[in-house]
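Reckoned from all heavy atoms, side chains included, excluding hydrogens, waters and symmetry mates. As the structure lists them, so they are numbered: ligands from 1, and atoms in each ligand from 1.
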Amino acid sequence: MGPPGAGKGTQAVALAERIHGAHVSTGDIFRENVAKETELGQAAKRYMDAGEYVPDEVTNAMVADRLAQDDAREAFLLDGYPRTLDQVAKLDQILADLGSGLDGVIALTVVEDELIGRLLERAKVSGRSDDTEEVIRHRQEVYRNETAPLLAVYRDRGLLIEVDGMGTPEEVGARIAEALSTRA
Ligand code: ADP
């Protein structure tokens, strides 16, 4: 977990490899579907472009399908999901149905000014239609309102692992590895 620009994607790819698990990024799946102009892509695009969350029913159904696939059976890393309390409840149900569960929830913490700066930098190269300054600021606000409250939920469950997300990707990756090794 972490606000837009915290470096979730970068760290998630590396960590999924390390745990030999499927990397399940809801943002990536939505973008693929937008690019291929599928029905799902068409349903998601206008929300993404506005910096809003895609409706929970759409996102939850997509994650349920994805986690049922073979490559996610042994291990998976969720990147960008859950982001709402409704998604937390639905994820609990999906995992219970699969006889699975979460080992931990990693949250990257980064100060907001740094996040905006990173996203504006990324905007120059990403070509992502949601990387304009106005939408970037809105995405931070949506995160604060909708997703930040999830941290307390996972903290109460004893699953939350907070990691300082400032510094280079290598530094942050090393901190994640360290946090996981002291936990295991
Ligand atoms: P970031 O976290 O940097 O904004 P993502 O690639 O994770 O980027 O997500 C991009 C967009 O995809 C989000 O702004 C949102 O519209 C949509 N999205 C991704 N994950 C979810 C989710 N769990 N629930 C609803 N919408 C989502």
Side-chain angles (χ1 to χ4, degrees), residues 1-16 22-68 72 76-95 102 105-151 153-154 163 165-166 169 172 176:
M1 292 185 60
K8 289 189 301 287
T10 308
Q11 298 302 332
V13 169
L15 186 55
H23 171 220
V24 178
S25 159
T26 43
D28 284 353
I29 302 174
F30 283 134
R31 276 186 293 277
E32 274 162 33
N33 278 275
V34 169
K36 290 187 192 144
E37 298 179 353
T38 66
E39 214 169 297
L40 177 65
Q42 279 163 11
K45 187 174 184 341
R46 63 194 164 102
Y47 296 102
M48 296 174 75
D49 285 349
E52 299 287 344
Y53 288 164
V54 176
D56 285 331
E57 317 83 77
V58 176
T59 309
N60 288 332
M62 177 178 94
V63 172
D65 277 356
R66 182 64 189 87
L67 288 180
F76 58 82
L77 187 119
L78 288 166
D79 168 6
Y81 183 92
R83 288 195 206 211
T84 66
L85 290 169
D86 181 82
Q87 292 180 13
V88 170
K90 182 64 194 191
L91 177 61
D92 287 341
Q93 208 182 309
I94 294 170
L95 294 178
L102 296 178
V105 175
I106 299 171
L108 296 178
T109 53
V110 176
V111 294
E112 188 159 328
D113 281 350
E114 166 81 10
L115 296 171
I116 308 263
R118 286 185 187 180
L119 290 169
L120 288 173
E121 263 318 296
R122 184 173 82 185
K124 294 182 192 154
V125 291
S126 73
R128 270 175 56 163
S129 49
D130 60 351
D131 272 349
T132 65
E133 178 155 7
E134 199 194 335
V135 176
I136 286 170
R137 291 196 185 275
H138 185 59
R139 279 156 59 209
Q140 299 297 335
E141 193 183 310
V142 172
Y143 176 84
R144 259 198 315 274
N145 295 336
E146 303 271 329
T147 305
L150 274 55
L151 296 175
V153 173
Y154 287 120
V163 174
M166 299 292 283
V172 178
I176 293 175

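Annotation: atom 23 (N) of ligand 1 to nearest protein heavy atom, Gly80 O, 2.8 Å. Among protein heavy atoms, atom 26 (N) of ligand 1 sits closest to Val54 N, 3.0 Å. Of the protein's non-hydrogen atoms, the one nearest atom 15 (C) of ligand 1 is Glu52 O, 3.6 Å. Closest to atom 12 (O) of ligand 1, if we only count protein heavy atoms, is Met48 CE, 3.6 Å. Atom 4 (O) of ligand 1 has as its closest protein heavy atom Arg139 NH2, 2.9 Å. Residue, atom and distance of the protein heavy atom nearest to atom 27 (C) of ligand 1 are Phe30 CE1, 3.7 Å. For atom 2 (O) of ligand 1, the nearest non-hydrogen atom of the protein is Lys8 NZ, 3.0 Å. Looking only at protein heavy atoms, the nearest one to atom 8 (O) of ligand 1 is Arg128 NH2, 3.3 Å.
In terms of N/O distances under 3.5 Å, ligand 1 is not approached by Tyr53. Below 3.5 Å of separation, one finds no N or O of Tyr81 facing any N or O of ligand 1. Any N or O atom pair closer than 3.5 Å counts here, and Thr26 shares at least one such pair with ligand 1.
Partners of Arg122 under the side-chain contact (heavy atoms from CB on, under 4.5 Å) rule, at least two apart in sequence or in another chain, are Leu119, Ser126, Arg128, Asp131, Arg139. For Asp49, the salt bridge (charged side-chain N to carboxylate O under 4.0 Å, His left out) partners at least two apart in sequence or on another chain are Lys45.
Within the 4.5 Å cutoff, side-chain heavy atoms of Val24 are placed close to those of Ile29. Within the 4.5 Å cutoff, no side-chain heavy atoms of Tyr47 are placed close to those of Asp130.
Shown in contact with Arg122 at under 4.0 Å from a heavy atom are these atoms of ligand 1, numbered in order with element: 3 (O). Which parts of ligand 1 touch Thr59 is read off a 4.0 Å heavy-atom cut-off, strictly below it: atoms 22 (C), 23 (N), 24 (N), 25 (C). Set against the non-hydrogen atoms of Gly27, the atoms of ligand 1 under 4.0 Å away are 5 (P), 6 (O), 9 (O), 19 (C).
Not a single heavy atom of Arg118 sits less than 4.0 Å from an atom of ligand 1.
Within 6.0 Å of atom CG in Asn145, more than 12 heavy atoms from other residues, nucleotides or ligands are found, so the atom counts as buried in its surroundings.
Defined by atom type and a distance below 3.5 Å, a donor-acceptor pair is missing between the side-chain atoms of Tyr81 and Ser25.
Distances from atom 9 (O) of ligand 1 to the heavy atoms of Arg46, Arg83, Gln87 show the closest one on Arg83.
A distance-only check finds a donor-acceptor pair linking the side chain of Thr26 to the backbone of Gly80 [under 3.5 Å].
Of the charged side-chain nitrogens involved, none lies within less than 4.0 Å of a carboxylate oxygen, so that Arg137 and Glu134 do not count as a salt-bridged pair.
What you find for Val54 and Ala44 is that their closest heavy atoms are CG2-CB, 3.9 Å. When all heavy atoms of Ala16 and Leu77 are compared, the pair lying nearest together is CB-CB, 4.2 Å.
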- request: Under the side-chain contact (heavy atoms from CB on, under 4.5 Å) rule, what do Phe76 and Leu102 come out as? Steps first, then yes or no, please.
  value: CA-CA 9 Å; Phe76 58 82; Leu102 296 178; 4.2 Å; yes
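No part of Met1 comes within 4.0 Å of ligand 1, judged by heavy-atom distances.
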